[in-house]
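Comments concern the structure below.
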2 protein chains.
Amino acid sequence: MTKTIAYVLYPGLTALDLVGPLTVTAVLDGDFETVVVARDLETLDTDAPIRLGATATFDEVTAPYAVVVPGGTAGTFAACADERLLDWLRTASATAEVTASVCTGSLILGAAGLLEGRRATTHWGFRDVLPKFGAIPVAERWVQDGGIVTAAGVSAGIDMALHLVREFAGEEVARFAQLLIEYDPLPPLGGIDWDEVDIPSFKPYMQEAMRAGLADHPELLARLTG
Amino acid sequence: MTKTIAYVLYPGLTALDLVGPLTVTAVLDGDFETVVVARDLETLDTDAPIRLGATATFDEVTAPYAVVVPGGTAGTFAACADERLLDWLRTASATAEVTASVCTGSLILGAAGLLEGRRATTHWGFRDVLPKFGAIPVAERWVQDGGIVTAAGVSAGIDMALHLVREFAGEEVARFAQLLIEYDPLPPLGGIDWDEVDIPSFKPYMQEAMRAGLADHPELLARLTG
(Lines give C-alpha, C1' and ligand atoms only; values in the text may rest on other atoms or scores of the structure.)
Protein backbone atom coordinates (compact mmCIF):
# COMPACT_ATOMS: atom_id res chain seq x y z
CA MET A 1 0.00 0.00 0.00
CA THR A 2 1.30 3.43 -0.96
CA LYS A 3 2.48 5.56 1.96
CA THR A 4 1.50 9.15 1.19
CA ILE A 5 3.50 12.07 2.58
CA ALA A 6 1.14 15.04 2.39
CA TYR A 7 2.34 18.66 2.53
CA VAL A 8 -0.40 21.11 3.42
CA LEU A 9 -0.65 24.20 1.18
CA TYR A 10 -2.63 27.28 2.21
CA PRO A 11 -2.62 30.94 1.12
CA GLY A 12 0.29 33.13 2.23
CA LEU A 13 2.62 30.45 3.58
CA THR A 14 6.41 30.63 3.33
CA ALA A 15 7.23 28.69 0.15
CA LEU A 16 10.60 27.43 1.39
CA ASP A 17 8.93 25.82 4.44
CA LEU A 18 7.15 23.52 2.00
CA VAL A 19 9.57 23.20 -0.93
CA GLY A 20 12.65 22.47 1.23
CA PRO A 21 11.42 19.31 2.97
CA LEU A 22 9.29 18.26 -0.02
CA THR A 23 12.39 18.14 -2.21
CA VAL A 24 13.98 15.81 0.35
CA THR A 25 11.07 13.39 0.90
CA ALA A 26 10.26 13.30 -2.85
CA VAL A 27 13.40 11.17 -3.18
CA LEU A 28 11.53 8.36 -1.43
CA ASP A 29 10.13 6.02 -4.03
CA GLY A 30 8.78 2.51 -4.09
CA ASP A 31 6.04 2.49 -1.47
CA PHE A 32 6.12 6.25 -0.88
CA GLU A 33 4.57 9.15 -2.73
CA THR A 34 4.77 12.84 -1.88
CA VAL A 35 1.77 15.08 -2.56
CA VAL A 36 0.82 18.69 -1.89
CA VAL A 37 -2.69 18.94 -0.56
CA ALA A 38 -4.94 22.00 -0.39
CA ARG A 39 -8.59 22.99 -0.39
CA ASP A 40 -8.48 22.98 -4.21
CA LEU A 41 -5.93 23.03 -7.03
CA GLU A 42 -5.99 26.82 -7.50
CA THR A 43 -2.52 28.41 -7.60
CA LEU A 44 -1.95 30.36 -4.37
CA ASP A 45 0.13 33.38 -3.43
CA THR A 46 2.80 32.88 -0.77
CA ASP A 47 4.58 35.43 1.43
CA ALA A 48 7.31 35.76 -1.24
CA PRO A 49 6.88 36.56 -4.95
CA ILE A 50 6.29 32.96 -6.03
CA ARG A 51 2.97 31.14 -6.51
CA LEU A 52 2.45 27.49 -5.57
CA GLY A 53 -0.11 24.96 -6.73
CA ALA A 54 -1.19 21.76 -4.97
CA THR A 55 -1.33 18.34 -6.60
CA ALA A 56 -4.34 16.99 -4.65
CA THR A 57 -7.32 18.25 -2.65
CA PHE A 58 -8.14 17.60 1.00
CA ASP A 59 -11.00 15.36 -0.15
CA GLU A 60 -8.63 13.20 -2.20
CA VAL A 61 -6.08 12.53 0.56
CA THR A 62 -7.82 10.85 3.43
CA ALA A 63 -5.29 8.69 5.26
CA PRO A 64 -1.74 9.91 4.69
CA TYR A 65 1.21 8.09 6.25
CA ALA A 66 2.75 11.45 7.18
CA VAL A 67 1.56 15.06 7.18
CA VAL A 68 3.85 18.10 7.01
CA VAL A 69 2.44 21.56 7.80
CA PRO A 70 4.57 24.52 6.64
CA GLY A 71 4.57 27.88 8.40
CA GLY A 72 4.70 31.52 7.46
CA THR A 73 3.56 34.87 8.84
CA ALA A 74 0.04 36.37 8.57
CA GLY A 75 -1.22 33.57 6.31
CA THR A 76 -0.25 30.98 8.90
CA PHE A 77 -2.25 32.70 11.62
CA ALA A 78 -5.23 32.88 9.28
CA ALA A 79 -4.78 29.11 8.79
CA CYS A 80 -4.90 28.70 12.59
CA ALA A 81 -8.57 29.74 12.32
CA ASP A 82 -9.39 27.84 9.10
CA GLU A 83 -11.78 25.13 10.33
CA ARG A 84 -11.75 23.20 7.04
CA LEU A 85 -7.94 22.91 7.20
CA LEU A 86 -7.94 22.11 10.93
CA ASP A 87 -10.62 19.43 10.52
CA TRP A 88 -8.65 17.75 7.74
CA LEU A 89 -5.48 17.95 9.80
CA ARG A 90 -7.08 16.41 12.91
CA THR A 91 -8.56 13.56 10.89
CA ALA A 92 -5.33 12.92 8.96
CA SER A 93 -3.19 13.10 12.09
CA ALA A 94 -5.36 10.57 13.91
CA THR A 95 -4.16 7.76 11.63
CA ALA A 96 -0.84 9.16 10.38
CA GLU A 97 2.44 7.70 11.56
CA VAL A 98 3.96 11.19 11.79
CA THR A 99 2.46 14.67 11.93
CA ALA A 100 5.18 17.23 11.30
CA SER A 101 5.55 20.97 10.95
CA VAL A 102 8.08 23.52 9.79
CA CYS A 103 8.51 26.96 11.37
CA THR A 104 5.21 28.47 12.59
CA GLY A 105 3.40 25.48 11.08
CA SER A 106 3.61 24.09 14.62
CA LEU A 107 1.15 26.79 15.69
CA ILE A 108 -1.36 25.30 13.23
CA LEU A 109 -0.77 21.90 14.87
CA GLY A 110 -1.40 23.68 18.17
CA ALA A 111 -4.61 25.28 16.92
CA ALA A 112 -5.77 21.80 15.86
CA GLY A 113 -5.21 20.62 19.44
CA LEU A 114 -2.30 18.32 18.55
CA LEU A 115 0.41 19.79 20.80
CA GLU A 116 -1.18 19.40 24.25
CA GLY A 117 1.64 18.30 26.58
CA ARG A 118 4.09 17.81 23.71
CA ARG A 119 7.64 19.11 23.41
CA ALA A 120 7.69 21.25 20.28
CA THR A 121 9.56 23.98 18.48
CA THR A 122 8.84 26.72 15.93
CA HIS A 123 10.49 29.81 14.41
CA TRP A 124 12.60 31.55 17.10
CA GLY A 125 10.35 34.61 16.95
CA PHE A 126 7.21 32.70 17.96
CA ARG A 127 8.48 30.20 20.51
CA ASP A 128 6.58 31.94 23.33
CA VAL A 129 3.27 31.29 21.53
CA LEU A 130 3.61 27.50 21.84
CA PRO A 131 2.50 27.33 25.52
CA LYS A 132 -0.83 28.94 24.52
CA PHE A 133 -1.56 25.61 22.87
CA GLY A 134 -0.34 23.53 25.81
CA ALA A 135 3.01 22.73 24.20
CA ILE A 136 6.39 22.69 25.92
CA PRO A 137 8.69 24.90 23.82
CA VAL A 138 12.23 23.74 23.13
CA ALA A 139 14.99 25.57 21.25
CA GLU A 140 16.20 22.79 18.97
CA ARG A 141 16.62 22.42 15.22
CA TRP A 142 13.78 19.90 15.27
CA VAL A 143 12.18 17.84 18.01
CA GLN A 144 10.28 14.55 17.91
CA ASP A 145 7.75 13.76 20.65
CA GLY A 146 5.96 10.54 19.79
CA GLY A 147 4.35 10.97 16.40
CA ILE A 148 4.72 14.75 16.44
CA VAL A 149 7.85 16.21 14.79
CA THR A 150 8.29 19.98 14.75
CA ALA A 151 11.12 21.97 13.13
CA ALA A 152 12.50 25.44 13.87
CA GLY A 153 12.23 28.28 11.33
CA VAL A 154 12.02 27.90 7.55
CA SER A 155 15.31 26.23 6.55
CA ALA A 156 15.14 23.82 9.51
CA GLY A 157 12.55 21.90 7.52
CA ILE A 158 15.35 20.50 5.35
CA ASP A 159 17.15 19.05 8.38
CA MET A 160 13.89 17.65 9.75
CA ALA A 161 13.02 16.06 6.39
CA LEU A 162 16.37 14.26 6.31
CA HIS A 163 15.53 12.91 9.76
CA LEU A 164 12.12 11.74 8.50
CA VAL A 165 13.65 9.99 5.48
CA ARG A 166 16.09 8.26 7.82
CA GLU A 167 13.16 7.15 10.00
CA PHE A 168 11.04 6.00 7.05
CA ALA A 169 13.66 4.37 4.82
CA GLY A 170 16.97 4.20 6.66
CA GLU A 171 20.24 6.08 6.83
CA GLU A 172 21.45 5.12 3.36
CA VAL A 173 18.42 6.64 1.64
CA ALA A 174 18.74 9.77 3.79
CA ARG A 175 22.36 10.15 2.71
CA PHE A 176 21.30 9.72 -0.92
CA ALA A 177 18.65 12.45 -0.57
CA GLN A 178 21.23 14.73 1.03
CA LEU A 179 23.67 14.05 -1.82
CA LEU A 180 21.06 14.70 -4.53
CA ILE A 181 20.29 18.15 -3.14
CA GLU A 182 24.01 18.64 -2.38
CA TYR A 183 23.19 19.64 1.18
CA ASP A 184 26.66 20.34 2.47
CA PRO A 185 25.83 23.77 3.89
CA LEU A 186 28.38 26.56 4.06
CA PRO A 187 26.69 29.83 5.08
CA PRO A 188 29.04 32.56 3.84
CA LEU A 189 28.88 34.41 7.18
CA GLY A 190 28.93 31.23 9.29
CA GLY A 191 26.10 29.98 11.50
CA ILE A 192 23.78 32.21 13.55
CA ASP A 193 25.34 33.66 16.69
CA TRP A 194 22.32 33.37 19.01
CA ASP A 195 23.99 35.45 21.71
CA GLU A 196 23.79 38.38 19.30
CA VAL A 197 20.07 37.96 18.52
CA ASP A 198 17.82 40.27 20.54
CA ILE A 199 14.61 38.22 20.26
CA PRO A 200 12.35 40.67 22.19
CA SER A 201 13.25 43.48 19.78
CA PHE A 202 11.46 41.55 17.00
CA LYS A 203 8.25 41.22 19.02
CA PRO A 204 6.36 44.08 17.29
CA TYR A 205 6.94 42.42 13.90
CA MET A 206 5.70 39.08 15.22
CA GLN A 207 2.62 40.67 16.84
CA GLU A 208 1.83 42.45 13.56
CA ALA A 209 1.80 39.11 11.70
CA MET A 210 -0.61 37.71 14.29
CA ARG A 211 -2.89 40.77 14.11
CA ALA A 212 -2.95 40.73 10.30
CA GLY A 213 -3.71 37.01 10.13
CA LEU A 214 -6.32 36.99 12.88
CA ALA A 215 -8.11 40.29 12.18
CA ASP A 216 -11.40 38.38 11.82
CA HIS A 217 -10.77 36.14 14.85
CA PRO A 218 -10.38 38.47 17.84
CA GLU A 219 -10.82 35.71 20.43
CA LEU A 220 -7.96 33.59 19.11
CA LEU A 221 -5.85 36.73 18.64
CA ALA A 222 -6.44 37.71 22.26
CA ARG A 223 -5.56 34.20 23.40
CA LEU A 224 -2.26 34.17 21.47
CA THR A 225 -1.12 37.69 22.26
CA GLY A 226 -2.45 37.88 25.82
CA MET B 1 15.23 53.28 -9.71
CA THR B 2 14.07 49.81 -8.68
CA LYS B 3 16.69 47.08 -8.92
CA THR B 4 14.92 43.92 -10.06
CA ILE B 5 16.22 40.48 -9.13
CA ALA B 6 14.67 38.12 -11.68
CA TYR B 7 14.43 34.35 -11.15
CA VAL B 8 13.87 32.42 -14.36
CA LEU B 9 11.07 29.82 -14.26
CA TYR B 10 10.76 27.09 -16.91
CA PRO B 11 8.99 23.71 -17.06
CA GLY B 12 10.49 20.85 -15.07
CA LEU B 13 13.04 22.75 -12.99
CA THR B 14 13.96 21.81 -9.42
CA ALA B 15 11.68 23.98 -7.27
CA LEU B 16 14.16 24.31 -4.41
CA ASP B 17 16.80 25.75 -6.78
CA LEU B 18 14.45 28.71 -7.24
CA VAL B 19 12.59 28.95 -3.93
CA GLY B 20 15.71 28.69 -1.72
CA PRO B 21 17.60 31.75 -3.01
CA LEU B 22 14.37 33.64 -3.77
CA THR B 23 13.36 33.44 -0.12
CA VAL B 24 16.71 34.98 0.80
CA THR B 25 16.79 37.84 -1.72
CA ALA B 26 13.11 38.66 -1.15
CA VAL B 27 14.23 40.11 2.19
CA LEU B 28 15.87 42.96 0.25
CA ASP B 29 13.48 45.89 0.22
CA GLY B 30 13.78 49.58 -0.51
CA ASP B 31 15.30 49.80 -3.98
CA PHE B 32 15.08 46.06 -4.64
CA GLU B 33 12.27 43.86 -5.85
CA THR B 34 12.34 40.12 -6.50
CA VAL B 35 10.29 38.68 -9.37
CA VAL B 36 9.86 35.29 -11.00
CA VAL B 37 9.91 35.59 -14.77
CA ALA B 38 8.72 33.06 -17.35
CA ARG B 39 7.36 32.88 -20.87
CA ASP B 40 3.85 33.42 -19.44
CA LEU B 41 2.04 33.24 -16.11
CA GLU B 42 0.80 29.67 -16.54
CA THR B 43 1.48 27.42 -13.55
CA LEU B 44 4.24 24.95 -14.43
CA ASP B 45 5.14 21.46 -13.27
CA THR B 46 8.55 20.99 -11.66
CA ASP B 47 10.62 17.83 -11.16
CA ALA B 48 8.95 17.34 -7.75
CA PRO B 49 5.22 17.18 -6.96
CA ILE B 50 4.77 20.96 -6.60
CA ARG B 51 3.66 23.46 -9.24
CA LEU B 52 5.13 26.97 -9.51
CA GLY B 53 3.77 30.14 -11.10
CA ALA B 54 5.73 33.19 -12.25
CA THR B 55 4.89 36.78 -11.29
CA ALA B 56 6.01 38.41 -14.57
CA THR B 57 6.65 37.53 -18.22
CA PHE B 58 9.91 37.78 -20.16
CA ASP B 59 8.42 40.72 -22.07
CA GLU B 60 7.72 42.61 -18.84
CA VAL B 61 11.23 42.32 -17.36
CA THR B 62 13.68 43.91 -19.74
CA ALA B 63 16.63 45.19 -17.71
CA PRO B 64 16.96 43.34 -14.39
CA TYR B 65 19.72 44.24 -11.97
CA ALA B 66 20.37 40.54 -11.35
CA VAL B 67 19.23 37.30 -12.98
CA VAL B 68 19.17 33.91 -11.25
CA VAL B 69 18.73 30.74 -13.34
CA PRO B 70 17.71 27.60 -11.39
CA GLY B 71 18.64 24.10 -12.50
CA GLY B 72 17.04 20.69 -12.58
CA THR B 73 17.24 17.50 -14.61
CA ALA B 74 15.58 16.82 -18.01
CA GLY B 75 13.68 20.13 -17.96
CA THR B 76 16.92 22.03 -17.59
CA PHE B 77 18.45 20.39 -20.65
CA ALA B 78 15.29 21.19 -22.60
CA ALA B 79 15.77 24.81 -21.48
CA CYS B 80 19.34 24.68 -22.85
CA ALA B 81 17.71 24.48 -26.30
CA ASP B 82 14.88 26.97 -25.66
CA GLU B 83 15.81 29.90 -27.91
CA ARG B 84 13.18 32.24 -26.44
CA LEU B 85 14.60 31.69 -22.93
CA LEU B 86 18.22 31.92 -24.12
CA ASP B 87 17.55 35.13 -26.06
CA TRP B 88 15.95 36.76 -23.03
CA LEU B 89 18.82 35.59 -20.84
CA ARG B 90 21.51 36.96 -23.19
CA THR B 91 19.78 40.33 -23.42
CA ALA B 92 19.14 40.56 -19.66
CA SER B 93 22.68 39.46 -18.81
CA ALA B 94 24.22 42.10 -21.08
CA THR B 95 23.08 44.90 -18.77
CA ALA B 96 22.67 43.03 -15.45
CA GLU B 97 25.11 43.58 -12.62
CA VAL B 98 25.06 39.86 -11.81
CA THR B 99 24.00 36.80 -13.76
CA ALA B 100 23.73 33.85 -11.39
CA SER B 101 22.75 30.20 -11.48
CA VAL B 102 21.95 27.37 -9.10
CA CYS B 103 22.84 23.73 -9.77
CA THR B 104 22.60 22.77 -13.47
CA GLY B 105 21.25 26.27 -14.17
CA SER B 106 24.88 27.05 -15.02
CA LEU B 107 24.52 24.79 -18.06
CA ILE B 108 21.77 27.12 -19.31
CA LEU B 109 24.17 30.05 -18.84
CA GLY B 110 26.67 27.98 -20.83
CA ALA B 111 24.16 27.29 -23.60
CA ALA B 112 23.54 31.04 -23.79
CA GLY B 113 27.27 31.55 -24.36
CA LEU B 114 27.84 33.29 -21.04
CA LEU B 115 30.49 30.96 -19.51
CA GLU B 116 33.25 31.17 -22.15
CA GLY B 117 36.54 31.31 -20.20
CA ARG B 118 34.76 31.69 -16.86
CA ARG B 119 35.34 29.74 -13.66
CA ALA B 120 32.01 28.13 -12.82
CA THR B 121 30.37 25.34 -10.85
CA THR B 122 27.20 23.23 -11.03
CA HIS B 123 25.68 20.12 -9.42
CA TRP B 124 28.48 17.60 -8.66
CA GLY B 125 26.96 15.13 -11.15
CA PHE B 126 27.32 17.49 -14.13
CA ARG B 127 30.62 19.27 -13.49
CA ASP B 128 32.25 17.56 -16.48
CA VAL B 129 29.68 19.15 -18.82
CA LEU B 130 30.86 22.69 -18.05
CA PRO B 131 33.95 22.55 -20.34
CA LYS B 132 31.63 21.82 -23.30
CA PHE B 133 30.56 25.45 -22.92
CA GLY B 134 34.11 26.78 -22.52
CA ALA B 135 33.82 27.10 -18.73
CA ILE B 136 36.51 26.17 -16.22
CA PRO B 137 34.83 23.86 -13.66
CA VAL B 138 35.57 24.35 -9.97
CA ALA B 139 34.34 22.27 -7.03
CA GLU B 140 33.19 25.05 -4.71
CA ARG B 141 29.91 25.86 -2.96
CA TRP B 142 29.58 28.87 -5.24
CA VAL B 143 32.05 30.82 -7.37
CA GLN B 144 32.04 34.41 -8.61
CA ASP B 145 33.94 35.30 -11.80
CA GLY B 146 33.26 38.91 -12.68
CA GLY B 147 29.50 39.32 -13.04
CA ILE B 148 28.89 35.58 -13.27
CA VAL B 149 28.04 33.76 -10.01
CA THR B 150 27.34 30.02 -10.13
CA ALA B 151 26.33 27.76 -7.24
CA ALA B 152 26.73 24.02 -6.73
CA GLY B 153 23.71 21.68 -6.50
CA VAL B 154 20.21 22.66 -5.32
CA SER B 155 20.68 23.73 -1.67
CA ALA B 156 23.88 25.65 -2.53
CA GLY B 157 21.61 28.34 -3.94
CA ILE B 158 20.79 29.42 -0.38
CA ASP B 159 24.47 30.00 0.44
CA MET B 160 24.98 31.84 -2.85
CA ALA B 161 21.95 34.06 -2.24
CA LEU B 162 23.30 35.11 1.15
CA HIS B 163 26.52 36.08 -0.64
CA LEU B 164 24.52 38.11 -3.19
CA VAL B 165 22.58 39.91 -0.46
CA ARG B 166 25.88 40.73 1.24
CA GLU B 167 27.19 42.11 -2.08
CA PHE B 168 24.04 44.09 -2.84
CA ALA B 169 23.15 45.45 0.62
CA GLY B 170 25.93 44.65 3.06
CA GLU B 171 26.72 42.13 5.75
CA GLU B 172 24.10 43.31 8.24
CA VAL B 173 21.24 42.74 5.80
CA ALA B 174 22.68 39.32 4.88
CA ARG B 175 22.75 38.36 8.56
CA PHE B 176 19.13 39.52 8.92
CA ALA B 177 18.05 37.40 5.94
CA GLN B 178 19.86 34.41 7.44
CA LEU B 179 18.15 34.98 10.78
CA LEU B 180 14.68 35.30 9.23
CA ILE B 181 15.00 31.92 7.52
CA GLU B 182 16.77 30.56 10.61
CA TYR B 183 19.59 29.24 8.45
CA ASP B 184 21.74 27.64 11.12
CA PRO B 185 22.08 24.29 9.34
CA LEU B 186 22.46 21.04 11.23
CA PRO B 187 22.19 18.07 8.83
CA PRO B 188 21.21 15.11 11.04
CA LEU B 189 23.88 12.88 9.45
CA GLY B 190 26.51 15.63 9.23
CA GLY B 191 27.89 17.11 6.02
CA ILE B 192 28.59 15.14 2.84
CA ASP B 193 31.71 12.97 2.94
CA TRP B 194 32.94 13.54 -0.61
CA ASP B 195 35.53 10.79 -0.33
CA GLU B 196 32.61 8.35 -0.10
CA VAL B 197 30.80 9.62 -3.21
CA ASP B 198 31.47 7.58 -6.35
CA ILE B 199 30.63 10.27 -8.91
CA PRO B 200 31.20 8.10 -12.05
CA SER B 201 28.66 5.56 -10.77
CA PHE B 202 25.92 8.18 -11.17
CA LYS B 203 26.84 8.88 -14.79
CA PRO B 204 24.02 6.77 -16.35
CA TYR B 205 21.44 8.76 -14.38
CA MET B 206 22.95 12.07 -15.49
CA GLN B 207 23.14 10.92 -19.15
CA GLU B 208 19.49 9.85 -19.00
CA ALA B 209 18.45 13.36 -17.89
CA MET B 210 20.38 14.83 -20.81
CA ARG B 211 18.86 12.37 -23.30
CA ALA B 212 15.31 12.99 -22.02
CA GLY B 213 15.69 16.77 -22.11
CA LEU B 214 17.41 16.93 -25.50
CA ALA B 215 15.50 14.21 -27.39
CA ASP B 216 14.53 16.80 -30.03
CA HIS B 217 18.00 18.37 -30.18
CA PRO B 218 20.41 15.60 -31.21
CA GLU B 219 23.24 17.98 -32.12
CA LEU B 220 23.36 19.63 -28.70
CA LEU B 221 22.95 16.22 -27.06
CA ALA B 222 25.91 14.86 -29.01
CA ARG B 223 27.98 17.91 -28.07
CA LEU B 224 27.24 17.54 -24.35
CA THR B 225 27.60 13.77 -24.10
CA GLY B 226 30.45 13.35 -26.59
Side-chain angles (χ1 to χ4, degrees), chain A residues 7 9 14-20 22-24 26 33-36 41 43-44 46-56 103 123-125 141-142 152-156 158-160 162-163 166 171 174-175 178-189 191-194 196-197 202, chain B residues 7 9 14-16 18-20 22-24 26 33-36 41 43-44 46-56 103 123-125 140-142 152-156 158-160 162-163 166 171 174-175 178-189 191-194 196-197 202:
Chain A
Y7 288 78
L9 176 64
T14 296
L16 183 51
D17 285 21
L18 187 155
V19 171
L22 174 133
T23 307
V24 174
E33 69 163 351
T34 289
V35 302
V36 177
L41 299 184
T43 309
L44 299 179
T46 68
D47 68 359
I50 180 73
R51 298 178 297 123
L52 300 185
T55 60
C103 194
H123 190 280
W124 55 266
R141 192 72 179 152
W142 50 266
V154 193
S155 65
I158 296 172
D159 294 325
M160 181 188 76
L162 288 167
H163 164 68
R166 178 177 57 182
E171 194 170 302
R175 283 194 200 280
Q178 180 172 2
L179 182 63
L180 278 189
I181 66 161
E182 202 163 344
Y183 187 51
D184 196 21
L186 192 66
L189 296 167
I192 294 172
D193 181 355
W194 292 105
E196 291 293 311
V197 181
F202 290 96
Chain B
Y7 288 78
L9 176 64
T14 296
L16 183 51
L18 188 154
V19 171
L22 175 133
T23 306
V24 174
E33 69 163 350
T34 289
V35 301
V36 177
L41 300 183
T43 309
L44 299 180
T46 69
D47 68 359
I50 179 74
R51 296 178 299 123
L52 300 185
T55 61
C103 196
H123 189 279
W124 55 266
E140 288 175 25
R141 192 72 177 151
W142 50 266
V154 193
S155 64
I158 296 172
D159 294 325
M160 182 190 75
L162 288 166
H163 163 68
R166 177 176 59 180
E171 193 170 305
R175 282 194 201 281
Q178 181 173 2
L179 182 63
L180 279 189
I181 67 162
E182 201 162 342
Y183 187 52
D184 197 20
L186 192 66
L189 296 168
I192 295 171
D193 181 353
W194 291 105
E196 291 294 311
V197 181
F202 289 97

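Quick note: numbers below take in every heavy atom, side chains included, and nothing from hydrogens, waters or symmetry partners. Every chain is numbered from 1 and lettered A, B, ... according to where its sequence line falls, protein lines coming before strand lines.
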How long is the gap from [atom1] on [X] to [atom2] on [Y], to the nearest 0.5 Å?
X        : Y        : atom1 : atom2 : value
A/Trp124 : B/Asp184 : CH2   : CG    : 12.5 Å
A/Cys103 : B/Glu182 : SG    : CD    : 7.5 Å
B/Leu189 : A/Tyr183 : CG    : OH    : 11.5 Å

> Going through the checks in order, is the side-chain contact (heavy atoms from CB on, under 4.5 Å) test met by B/Arg141 and A/Leu186?
Replying inline: CA-CA 7 Å; B/Arg141 192 72 177 151; A/Leu186 192 66; 4.0 Å; yes

Best-contacting candidate, [options], against chain A by heavy atom pairs under 4.5 angstrom:
options                              : answer
B/Thr14, B/Leu41, B/Ile158, B/Asp193 : B/Leu41
B/Pro185, B/Ala48, B/Gly191          : B/Pro185
B/Asp47, B/Thr43, B/Thr46            : B/Thr43
B/Gly20, B/Gly125, B/Ala54           : B/Ala54

>> With a 3.5 Å distance limit and no angle check, can you tell me whether B/His163 reaches the backbone of A/Pro187 through a side-chain donor-acceptor pair?
In response: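 No; zero donor-acceptor contacts below 3.5 Å.
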
> Is a donor on one side and an acceptor on the other found under 3.5 Å between the side chain of A/Arg51 and the backbone of B/Thr55?
Replying inline: no

>> Between B/Leu18 and A/Ile50, does the side-chain contact (heavy atoms from CB on, under 4.5 Å) criterion hold? Intermediate values first, please.
In response: CA-CA 9 Å; B/Leu18 188 154; A/Ile50 180 73; 3.9 Å; yes

>> Under the criterion side-chain contact (heavy atoms from CB on, under 4.5 Å), I'd like the reasoning laid out for B/Leu52 against A/Leu52: C-alpha separation, chi angles, the key distance, then a yes or no.
In response: CA-CA 5 Å; B/Leu52 300 185; A/Leu52 300 185; 3.1 Å; yes

>> Ignoring hydrogens, what is the shortest heavy-atom contact between A/Ser155 and B/Ile181? Give both atom names and the distance.
In response: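 Closest approach of A/Ser155 to B/Ile181: OG-O, 2.9 Å.
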
> With sequence neighbours excluded, what pairs up with A/Leu44 under the side chain to side chain contact (heavy atoms under 4.5 Å, CB included) test?
Replying inline: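 Only A/Leu9, A/Pro11 meet the side chain to side chain contact (heavy atoms under 4.5 Å, CB included) criterion with A/Leu44.
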
Tell me, for [X] versus chain A, whether the close heavy atoms (under 4.5 Å) come from the side chain, the backbone, both or neither.
X        : answer
B/Ala26  : side chain
B/Phe202 : side chain
B/Leu16  : both
B/Ala56  : neither
B/Thr34  : both
B/Val197 : side chain

>> Under the rule for salt bridge (charged side-chain N to carboxylate O under 4.0 Å, His left out), what residues qualify as partners of B/Arg175, not counting sequence neighbours?
In response: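 With sequence neighbours excluded, B/Arg175 shows a salt bridge (charged side-chain N to carboxylate O under 4.0 Å, His left out) to B/Glu171, given in chain and number order.
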
>> Please identify, among A/Leu180, A/Leu179, A/Val35, the residue contributing the most non-hydrogen atom pairs under 4.5 Å to chain B.
In response: A/Leu179

